[in-house]
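If you read the sequence from its start, that first residue is 1, and numbering goes on from there.
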Amino acid sequence: MTDTAVETAPQSTVAADEKPPLPEALGAQRTGALLADHFGVPATADDVDRLVELGHLKVHDYYKRWALYSTADMLALDPELVKGLVAERVAWFEVSVTRDEAVARTGWHWRDILRMGEAGRVKVGLLGRYLTADIDRLPLEAEGERHVNGETAARELEIRYPTDLRYVEAAGWLAPVTTMEVPTGRYRTVTVPLYRLADVRAVRDIPGVDWAAVRNLPKGTPSPLRAYAAKAPTRATTIKAFAQDLADRHQVTVWAWCSPYTGEWELDWERRDGAPTKKDVADALAKDPAARAYAADITLCPTWGRITRRARQLLEPGAAVVLDTETTDLYGRTVEVAVVDAATGKKLMDTLVQPEALISPGAFWVHGISDEDLVAADARTFDKVVARLRKVTRDRVICAYNEEFDRSVVTADTLRVGKKPMHLAEPGNWWCLMDSYAKWLGSGRWLALGGGHRALGDALAARDVLVEMAGGRGTTFTPRPPAPAAPASVEPDGPGEVTVPSQAPGESAPV
């Protein structure tokens with residue numbers, strides 16, 4: 001006889017008519033579904049966010065950075081409160097649209113929708129939605145307030161872009177009112193000037209212009225608008241002449257930049273003994289017969305100027321080093337550290353480090369250093385390299401691209417191996433190249449370094465950023481040598497004759 005084994009399914013501990021116990025905490029989506037089921041209302045995650053915003057519900061925990069909410073707290077909510085909030089949201093959704101829906105209804109750019117909301121021209125309510133009635137009025141009541149790019153402006157005027165539009169700007173008929181950043185790759189952006197549509201349309205009413213002769217000209221045909229551009233005074237030439245005079249008068253390097261973000265000029269200069277103060281330059285500007293007409297368009301001592309001067313100090317011999325680390329994970333342990341001299345780019349330290357922990361797959365994908373690589377290289381542990389690290393950075397400013405990350409990693413590893421971080425742990429001894437570069441560019445957008453994600457390559461790439469910032473912005477004016485038999489300086493109140501290279505119509509200085 002053959003024995004037959006019968007497998008019996010495990011008995012469930014939950015009766016068929018009973019619901020399984022609720023988890024201790026749920027995410028916003030499932031909490032919204034539970035609200036809907038428990039209170040009999042069409043609740044969603046938006047209502048959960050609203051309850052949190054009003055302080056009726058609190059975050060209980062997190063899972064992979066997603067907020068979790070206590071189911072017990074949710075079930076204890078006042079039913080009338082929940083029903084009222086849900087009813088309010090449903091009613092508002094019926095008379096409002098999202099920003100993307102507003103864009104689709106008007107054909108406007110989302111920046112214009114946002115601007116109209118911030119200005120109070122369109123009602124913005126719950127969850128950042130816009131009142132539909134206000135949105136539908138925009139094309140009828142505020143069409144001229146739209147911001148358009150240069151290509152759209154040229155199309156509106158039926159002229160060539162960008163050639164003829166530049167002549168229109170050079171003639172003083174049209175000027176950008178703002179700019180926007182447009183991505184041109186994974187990490188880079190380009191600044192695009194924007195014009196008010198009403199200003200563009202007003203150009204068509206300028207008397208004395210044969211617009212019929214201007215419109216639809218074949219490519220390569222000279223434009224009649226060139227004559228008007230030639231008559232227009234060039235602000236750029238005047239301001240550059242003032243900058244060169246300033247350089248000659250005080251024997252200092254001067255930088256002049258026309259910001260695409262504001263359309264205004266920004267001036268700064270090196271600081272040393274005998275250099276003018278901000279008040280000195282402002283007084284000189286007010287006395288200059290040509291440049292004073294543009295005084296309101298010139299900003300003295302902008303943020304990038306301060307950063308440029310600091311970068312120049314850090315490039316002095318012995319002043320600073322540039323450091324970079326690669327780690328086992330985000331804010332993990334060090335697997336590679338490199339330090340280069342800021343002034344020369346000379347390598348001071350470049351070593352793999354045995355972290356005594358596994359390298360995560362994500363980190364390996366970034367820097368390409370494997371656990372096997374560390375074993376094959378007989379990499380030393382951090383306690384064996386920290387003395388050298390402290391030595392090459394001692395009495396120097398430590399520059400890093402994302403200073404907070406590298407300082408945190410180095411400090412944590414030093415403490416982990418039972419050593420004293422000393423100057424490595426002091427924030428005042430570090431300078432963040434990433435944050436400074438974003439401010440120097442004026443875009444407010446952190447940019448990836450692009451150094452290959454190995455410590456030495458990234459340290460050298462970070463030093464390149466430091467060198468770039470030390471070069472100033474726009475056009476650099478250095479003191480010209482005096483002409484033969486001419487005095488070496490000019491009286492402070494004299495006009496100062498300068499020669500400025502000719503340039504094409506327009507005012508955008510090279511960056």
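Salt bridge present: Glu53 and Arg50 bring a charged side-chain N and a carboxylate O closer than 4.0 Å.
Residues satisfying the side chain to side chain donor-acceptor pair (under 3.5 Å) test with Thr308, not counting sequence neighbours, are Trp440. Legend: residues meeting salt bridge (Lys or Arg N to Asp or Glu O under 4.0 Å) with Lys279, ordered by chain and number and at least two apart, are Asp283. Listed by chain and residue number, Trp257, Tyr261, Thr262, Glu266 satisfy the side-chain contact (heavy atoms from CB on, under 4.5 Å) test with Ser259 (two or more places apart in sequence, or in another chain). Contacts of Arg390 classified as salt bridge (Lys or Arg N to Asp or Glu O under 4.0 Å), with partners at least two apart in sequence or in another chain: none. Under the rule for a salt bridge (Lys or Arg N to Asp or Glu O under 4.0 Å), Glu101 has no partner lying at least two apart in sequence or in another chain. Remark: His60 pairs with Glu24 by the side chain to side chain donor-acceptor pair (under 3.5 Å) rule, at least two apart or across chains. Applying the salt bridge (Lys or Arg N to Asp or Glu O under 4.0 Å) test to Arg333 and every residue at least two apart in sequence or in another chain returns nothing. Partners of Asp268 under the side chain to side chain donor-acceptor pair (under 3.5 Å) rule, at least two apart in sequence or in another chain, are Arg271, Arg309. In this structure, the side chain to side chain donor-acceptor pair (under 3.5 Å) partners of Thr393, at least two apart in sequence or on a different chain, are His423.
Residues Thr179 and Pro193 share a closest heavy-atom pair of CG2-CA, 4.1 Å. When all heavy atoms of Val254 and Trp269 are compared, the closest pair comes out as CG2-CB, 4.0 Å. Contact detail for Thr299 and Glu264: the closest heavy-atom pair is OG1-OE1, 3.8 Å. Closest approach of Thr411 to Pro421, counting heavy atoms only: CG2-CG, 4.1 Å. Taking every heavy atom of both residues into account, Ala320 and Cys399 meet most closely at CB-SG, 4.1 Å. Minimum interatomic distance between Ala236 and Trp265 (heavy atoms only, all atoms of both residues): CB-CZ2, 3.6 Å.
Note that CG of Leu315 is 9.0 Å distant from CE of Met469, once rounded to the nearest 0.5 Å. The CG atom of Asp413 sits 11.0 Å away from atom OG of Ser408, with the distance rounded to the nearest 0.5 Å. The distance from the CG atom of Leu57 to the OG atom of Ser70 is 7.5 Å, given to the nearest 0.5 Å. To the nearest 0.5 Å, atoms OG1 (Thr31) and CG (Asp47) are separated by 11.5 Å. To the nearest 0.5 angstrom, Leu389 atom CG is 10.5 Å from Leu348 atom CG. Note that CZ of Arg129 is 11.0 Å distant from CD1 of Ile135, once rounded to the nearest 0.5 Å.
Arg30 places a side-chain heavy atom less than 4.5 Å from the side chain of Pro23. Taking 4.5 Å as the limit, some side-chain heavy atom of Trp92 sits within range of a side-chain heavy atom of Leu131. Using a 4.5 Å heavy-atom cutoff, the side chains of Leu51 and Tyr69 are not in contact. Put simply, the side chain of Asp46 does not reach to within 4.5 Å of the side chain of Leu126, judged on heavy atoms. Taking the side chain as every heavy atom from C-beta outward, Thr178 and Arg111 approach each other to under 4.5 Å. Inter-residue side-chain proximity for Glu88 and Leu85 is flagged as met; some heavy-atom pair is nearer than 4.5 Å. Between Arg473 and Trp255, the closest side-chain pair of non-hydrogen atoms is not below 4.5 Å. In this structure, the side chains of Asp458 and Tyr401 stay at 4.5 Å or more apart for every pair of heavy atoms.
Counting only distance, with no hydrogens or angles, the side chain of Trp430 and the backbone of Leu424 share a donor-acceptor pair below 3.5 Å. With Asp37 contributing its side chain and Leu34 its backbone, the two residues share no donor-acceptor pair below 3.5 Å. Listed for the Arg396 side chain is no donor-acceptor partner under 3.5 Å among the backbone atoms of Val322. For the pair Glu151 (side chain) and Pro162 (backbone), a donor-acceptor distance under 3.5 Å is absent. Side-chain atoms of Asp373 come within 3.5 Å of backbone atoms of Ser370 as a donor-acceptor pair (strictly under, hydrogens ignored).
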Task: Intermediate values then yes/no, side-chain contact (heavy atoms from CB on, under 4.5 Å), Val392 and Val321 - done: CA-CA 8 Å; Val392 299; Val321 296; 5.8 Å; no
Open item on the list: Using side-chain contact (heavy atoms from CB on, under 4.5 Å), reason through Met349 and Val385 one step at a time and then give a plain yes or no.
Closed with: CA-CA 10 Å; Met349 183 177 185; Val385 303; 4.0 Å; yes
Open item on the list: Please determine whether side-chain contact (heavy atoms from CB on, under 4.5 Å) holds for the pair Arg99 and Tyr130, giving the CA-CA distance in whole Å, both sets of side-chain angles, and the decisive distance to 0.1 Å.
Closed with: CA-CA 7 Å; Arg99 189 183 68 186; Tyr130 298 88; 3.8 Å; yes
- [ ] Would you sort out whether Ile359 and His367 count as a side-chain contact (heavy atoms from CB on, under 4.5 Å), showing the intermediate values?
- [x] CA-CA 10 Å; Ile359 297 172; His367 53 58; 3.9 Å; yes
Acceptor/donor pairs from residues 72-83 side chains to any protein atom, 3.5 angstrom cut, sequence neighbours excluded:
{"unit_1": "Asp78", "atom_1": "OD1", "unit_2": "Glu80", "atom_2": "N", "d": "3.1"}

Side-chain donor-acceptor pairs of residues 374-383 under 3.5 Å, sequence neighbours excluded:
{"unit_1": "Thr381", "atom_1": "OG1", "unit_2": "Asp383", "atom_2": "OD1", "d": "2.3"}

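With a 6.0 Å radius and a threshold of 12 heavy atoms from other residues, nucleotides or ligands, Arg310 has its CZ atom above the threshold.
Pairs of residues two or more places apart, or lying in two chains, that qualify as side chain to side chain donor-acceptor pair (under 3.5 Å) and include a residue from residues 319-331 are Thr325-Asp406, Tyr331-Glu404.
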